[in-house]
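These notes are about the structure you will find just below.
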Protein chains: 2
Amino acid sequence: MTRVTSTQVAKLAGVSRTTVSFVLNEVPGMGISEETRERVLMAARQLGYVPNALARSLVTGATKTVALLLPHGDHVHIDVDAYIPRFVAGLSLTCHTSGYKVLLEPVAESNRPGAFVDLVDSGRIDGLIVLNPRHIDEAYLYELAGNGFPLVVFGSNLPEQHGICRIGVDNREAARRATAHLIGLGHERIAHIGFASDDYQVVRDRLLGYRQALEEHGIGERAGWIGYGNYSAQSGYEAMRAMLERAPGMTALFAGNDTIAFGALAALREAGLRTPEDVAVVGYDDIPLAAFACPALTTMRTDPFKEGNDAAATLLRVIGGGPPEETSVMEVAPLIVRQSCGAHLR
Amino acid sequence: MTRVTSTQVAKLAGVSRTTVSFVLNEVPGMGISEETRERVLMAARQLGYVPNALARSLVTGATKTVALLLPHGDHVHIDVDAYIPRFVAGLSLTCHTSGYKVLLEPVAESNRPGAFVDLVDSGRIDGLIVLNPRHIDEAYLYELAGNGFPLVVFGSNLPEQHGICRIGVDNREAARRATAHLIGLGHERIAHIGFASDDYQVVRDRLLGYRQALEEHGIGERAGWIGYGNYSAQSGYEAMRAMLERAPGMTALFAGNDTIAFGALAALREAGLRTPEDVAVVGYDDIPLAAFACPALTTMRTDPFKEGNDAAATLLRVIGGGPPEETSVMEVAPLIVRQSCGAHLR
DNA sequence: TTGTATGCGTTATCAA
DNA sequence: TTGATAACGCATACAA
């Protein structure tokens with residue numbers, strides 16, 4: 001691993017390191033003669049010179065790197081939730097297109113609050129995107145934002161006061177609409193399987209939206225019809241089974257995400273209940289496999305790829321010194337109606 | 001963003017920067033008095049001092065960062081293939097546990113060959129993990145390995161000569177077994193839907209394994225029963241439909257991965273064919289949703305999380321100066337038998 | 001036991 | 001038009 005430095009390029013080209021730097025960085029107004037320029041370029045190419053990113057960053061103060069903080073670094077999450085990979089793909093594309101590297105920083109449940117602050121303080125990154133931050137980390141985010149560090153929080157409804165740049169979809173409204181769709185079909189006995197952890201705001205929002213829809217239509221909530229899983233199909237399966245045991249009789253289910261819905265569908269099938277005739281099901285996310293569930297899953301569409309794009313674009317804007325427009329709520333995507341919710345009840 | 005430097009810590013503690021460095025890095029045999037030690041630690045804590053990673057790396061020559069090269073950075077891939085996120089999760093966990101950061105480096109189809117070499121030459125990373133490298137990138141990998149750069153290639157059967165540290169599962173053997181299972185059930189009219197791109201070795205290996213199984217049992221191959229998709233369920237659906245149109249009559253399908261299998265199952269259902277009675281189906285990967293397909297999908301298990309772990313562990317060993325054991329083939333995981341392949345034909 | 005001096009590979013300021 | 005020279009923040013050989 002013999003590394004080529006600008007000194008060697010300078011030597012070969014017969015100029016100083018300064019000149020090399022000027023030429024390679026195309027510093028304007030330096031009036032470098034075309035001939036020296038050529039010589040330097042030749043030498044650089046010949047030696048396969050690539051500037052040392054660390055040295056450059058040290059002096060420029062910019063690392064051209066951003067980090068993505070992901071909840072649930074433990075595999076439990078990434079394992080089963082189809083949302084995150086697509087978000088990452090979108091974010092990554094936008095960053096790389098702008099010449100930024102992406103550092104993947106999973107946040108395990110066991111991480112002490114604010115563990116990510118060291119990453120910032122060590123000067124490795126120019127900005128930070130946080131997906132679905134934990135409650136216990138919020139104070140540290142406020143602090144970073146307060147210090148003017150470029151920061152974008154995605155998918156959380158943090159209070160507005162703290163000058164944090166937030167972006168996201170209104171999960172509550174989306175969940176409300178999904179539930180309302182079932183109500184519109186004539187359902188009143190609507191169950192919900194959400195997430196067990198309420199460490200995360202988005203997670204709570206979907207439950208809130210569900211409740212709001214019921215309330216708006218004067219439908220009382222029934223505790224037995226609210227179940228909890230993690231993000232997995234298996235947990236959806238188990239939650240549905242448990243629910244059928246303790247409080248059967250629902251005619252519809254709003255699942256917290258599509259994988260949960262897959263599990264629930266299996267449990268219903270196993271219990272001899274038909275979907276949508278006996279129990280209609282609506283999911284959330286429209287993962288690529290949703291259309292291939294049986295029956296094909298009705299679900300709230302999300303566009304994680306685009307959301308990743310937007311989150312990255314917003315961060316890059318802030319890094320570039322743009323105005324930190326505090327909050328931007330993306331439009332709620334449409335409900336994709338397929339077979340699993342059936343037609344109007346009568 | 002006012003950053004704290006070791007100079008400030010030194011000033012506050014009333015010592016030199018050297019002493020600060022010694023204390024904080026716990027350099028052995030430096031005989032620092034317990035009292036100065038305390039003072040330095042206090043000062044560092046009080047100021048919230050975090051060493052600048054760039055400056056440190058510049059002088060130590062180690063960045064404590066590795067990069068993961070991912071094929072198909074375009075969302076098409078990450079979008080639909082459940083394998084990669086789990087691999088990333090495993091890799092990421094192992095790296096972080098050892099104090100290494102992970103840089104995500106997608107390789108888009110459009111990338112010029114060897115684009116990743118700049119990343120190495122710029123000194124940003126201590127090692128590189130390449131998942132399913134493209135053929136056109138191989139020469140550059142040989143070069144890096146030849147220069148002694150820590151490099152682990154996962155999931156490819158590169159020729160052995162080049163001193164590259166390779167690790168992976170024998171996809172061909174796994175595919176052979178999956179196909180043989182169908183043959184063992186009495187099937188002879190077995191179709192296969194694989195991947196359209198043969199840029200990647202793993203992709204070709206599964207087709208080879210399928211062919212090998214047929215051959216070993218004296219079953220002739222039928223061109224019409226080999227279809228191609230990308231990684232998506234949609235493509236599996238389309239490939240299956242096309243195949244049913246041009247060459248119906250197969251009694252079994254070996255799908256190149258589980259998402260393709262999901263699509264194929266839907267196409268079969270739509271065509272009025274029952275699974276497994278009319279057409280048995282075997283997938284590949286055992287993604288978390290495989291057990292919740294209908295019927296539940298028989299599939300070759302892979303353990304991407306563990307594979308990510310192993311790849312990372314191997315790389316870290318090489319970075320640590322360990323012997324670059326050239327090739328290590330992981331054991332082929334078992335076939336998970338569920339409902340989609342049914343019982344013996346008669 | 002602690003401090004001084006030097007180097008890592010850049011960029012950037014200033015003379016020349 | 002180009003070349004010394006000083007940072008950037010840290011680690012470390014060497015001196016005291």
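As the structure is a computational prediction, the values presented were derived from the model and not from experiment. Letters A, B, ... are given to chains in the order of the sequence lines, protein chains preceding strands, and every chain is numbered from 1.
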Nucleotide D:dC8, atom P - distance to CZ of A:Arg124 in whole Å: 21 Å

Sugar-phosphate, base or nothing in reach of A:Val27, heavy atoms under 4.0 Å: nothing

Atom-pair distance (CG on B:Asn52; P on C:dG9), nearest Å: 17 Å

Heavy-atom donor-acceptor pair, A:Thr36 side-chain to D:dT2 base, under 3.5 Å: no

B:Arg86/B:Glu307 salt bridge by N-O under 4.0 Å criterion: no

Sugar-phosphate, base or nothing in reach of B:Leu58, heavy atoms under 4.0 Å: base

Ring geometry between A:Phe87 and A:Phe154 (parallel below 30°, tilted from 30 to 60°, perpendicular above 60°): tilted

Distance test, side-chain N/O of B:Thr19 to OP1/OP2 of C:dG3, below 4.0 Å: yes

Whole-Å gap separating C1' (D:dT1) and CZ (A:Arg39): 12 Å

Out of D:dT2, D:dC10, C:dG3, whichever nucleotide has its closest atom nearest the side chain of B:Thr5: D:dC10

Base D:dA11 paired with B:Thr18 side chain (donor-acceptor, <3.5 Å): no

5'-most by nearest nucleotide on DNA chain C - A:Phe22 or B:Ala55: B:Ala55

Backbone of B:Pro51 reached by a side-chain donor or acceptor of A:Ser122 within 3.5 Å: no

Donor-acceptor pair, side chain of B:Asp121 and main chain of A:Val50, under 3.5 angstrom: no

Integer-rounded Å distance: D:dC10 P and B:Lys64 NZ: 18 Å

Sugar-phosphate, base or nothing in reach of A:Arg3, heavy atoms under 4.0 Å: nothing

Closest nucleotide among D:dG3, D:dG9, C:dT10 to the A:Val59 side chain: C:dT10

